[in-house]
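Reviewing the structure listed below.
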Amino acid sequence: MSIFQNARFYTTVNHLKDLPPTRAEIAFVGRSNAGKSSAINTLCNRTRLAFVSKTPGRTQHINFFELGDACFLVDLPGYGYAEVPEAIRTHWVELLGRYLQTRQSLIGLLLIMDIRHPLRELDWKMVEFFGATGRPLHILLSKADKLSRQEQMKTLAAVKRELSAYPSVSVQLFSSLKKQGTEEVEKVVGHWLAT
Ligand code: GDP
């Protein structure tokens, strides 16, 4: 059975002081519209666990989902959406940055990137910032169904090449639409939880 089965909404947090008691945490992050909510729903085999939005940049808080009583999936606010008031953007950056930097129980980060636009500026910042913590970062090249198999393989190889200087960073193909790559994510996360 998938380790993501039986995920249940636990809480929404807008300030770090309200974070729930610590359990092993796996967090999802990515540019707005990269397909993060869809990836969470697909992995958890649910249609509306995380809210899939046509309006990018809506999620401004941190959502926690529990997997059994030992682990949380954490849905972090998307970044990179231009049409957001400065004050709200500053709040996100602080919430996101401080969570990533200070949360001891965060054992690994899943970074979602649209395969058609991989490694944009803020994605690189995330790789550099989180890569430096030594904790594992696994990238999902999402919406893989938008490219031919040959183009998928080419992009995967190119992204791997660009990230070769970061030993704690790994990459795979993913499509929520086709349920492509779910077993590979389960394997990676299962490994994080076991070590
Ligand atoms: P988020 O802002 O990162 O949470 O992105 P969403 O999950 O809300 O997805 C943004 C848009 O991309 C939506 O219109 C989704 O239907 C679409 N999308 C997400 N995943 C896939 C996928 O695997 N394939 C395709 N073709 N579209 C996807």
Side-chain angles (χ1 to χ4, degrees), residues 2 4 7-14 25-65 67 72-85 88-89 91-93 95-97 99-100 106 108-127 129-130 137-156 159 170-189:
S2 158
F4 293 107
R8 286 198 324 207
F9 177 77
Y10 186 82
T11 190
T12 291
V13 166
N14 219 342
E25 286 173 13
I26 312 287
F28 291 76
V29 73
R31 290 183 67 84
S32 293
N33 215 36
K36 176 170 56 68
S37 308
S38 302
I40 293 172
N41 289 335
T42 298
L43 289 166
C44 297
N45 205 12
R46 299 272 285 278
T47 47
R48 284 186 63 85
L49 190 62
F51 183 62
V52 177
S53 168
K54 295 274 174 212
T55 314
R58 253 198 204 163
T59 324
Q60 297 162 12
H61 33 248
I62 303 181
N63 288 318
F64 285 78
F65 304 96
L67 291 183
F72 283 129
L73 291 185
V74 184
D75 185 8
L76 294 169
Y79 52 78
Y81 185 56
E83 291 170 38
V84 164
I88 294 182
R89 201 195 326 249
H91 174 69
W92 292 0
V93 169
L95 189 65
L96 188 62
Y99 169 82
L100 291 172
L106 176 61
L109 185 63
L110 293 163
L111 169 58
I112 319 300
M113 300 193 304
D114 188 323
I115 192 165
R116 297 165 300 172
H117 318 284
L119 289 172
R120 294 176 74 168
E121 193 186 340
L122 291 170
D123 299 322
W124 265 118
K125 284 213 166 111
M126 192 59 71
V127 167
F129 178 74
F130 199 75
L137 170 66
H138 187 61
I139 295 175
L140 307 189
L141 296 175
S142 67
K143 310 188 195 181
D145 58 275
K146 297 268 192 189
L147 299 184
S148 69
R149 186 69 191 160
Q150 194 183 9
E151 290 169 322
Q152 292 178 23
M153 297 313 287
K154 211 170 124 190
T155 306
L156 178 65
V159 170
S170 49
V171 195
Q172 70 158 86
L173 300 168
F174 190 83
S175 163
S176 291
L177 195 71
K178 302 277 184 195
K179 299 207 187 310
Q180 174 188 351
T182 54
E183 285 177 10
E184 198 174 340
V185 182
E186 282 165 21
K187 220 166 117 183
V188 169
V189 172

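For the numbers below, each heavy atom of this structure counts, side chains included, while hydrogens, waters and symmetry mates do not. Numbering of ligands and ligand atoms starts at 1, following listing order. Nothing here was measured: the structure is a model prediction, and the numbers come from that model.
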Practice task
Any atoms of ligand 1 less than 4.0 Å from a non-hydrogen atom of K36? List them with their elements.
Solution key: 1 (P), 3 (O), 4 (O), 5 (O), 7 (O)
Problem - Lys/Arg N to Asp/Glu carboxylate O, E121 vs K125, below 4.0 Å - result: yes
Completion exercise
ligand 1 atoms nearer than 4.0 angstrom to some heavy atom of S38 are 6 (P), 7 (O), 9 (O), 19 (C), 20 (N)
Handout entry: N/O donor-acceptor pair under 3.5 Å between R31 side chain and R120 backbone
Key = no
Problem - Q172 (side chain) donor-acceptor with G181 (main chain) under 3.5 angstrom - result: yes
Problem - Flag, side chain of N41 to backbone of S38, donor-acceptor distance under 3.5 Å - result: no
Exercise for the section: Would you tell me which option among L140, D145, D75 has the nearest heavy-atom contact to atom 25 (C) of ligand 1? Expected result: D145
Exercise for the section: Determine whether any heavy atom of R31 lies closer than 4.0 Å to an atom of ligand 1. Expected result: yes
Handout entry: Ion pair check, K36 and D75, cut-off under 4.0 Å
Key = yes
Problem - Numbered atoms of ligand 1 (with element) below 4.0 Å of S37, judged on heavy atoms - result: 1 (P), 4 (O), 7 (O)
Completion exercise
Per-atom filter on ligand 1: closer than 4.0 angstrom to a heavy atom of S175 are 23 (O)
Problem - Polar contact flag for A34 and ligand 1 (N/O pairs, less than 3.5 Å) - result: yes
Exercise for the section: Check whether any side-chain N or O of Q152 sits under 3.5 Å from a backbone N or O of A144 as a donor-acceptor pair, and report yes or no. Expected result: yes
Exercise for the section: Below 4.0 angstrom from a heavy atom of G35, which ligand 1 atoms are there? Numbered from 1 as shown, please. Expected result: 1 (P), 3 (O), 5 (O), 6 (P), 7 (O), 9 (O), 19 (C)
Practice task
Answer with yes or no whether G30 contacts ligand 1, where contact means a heavy atom under 4.0 Å from a ligand atom.
Solution key: no
Handout entry: Expected output: side-chain S142 to main-chain A34 donor-acceptor under 3.5 Å
Key = yes
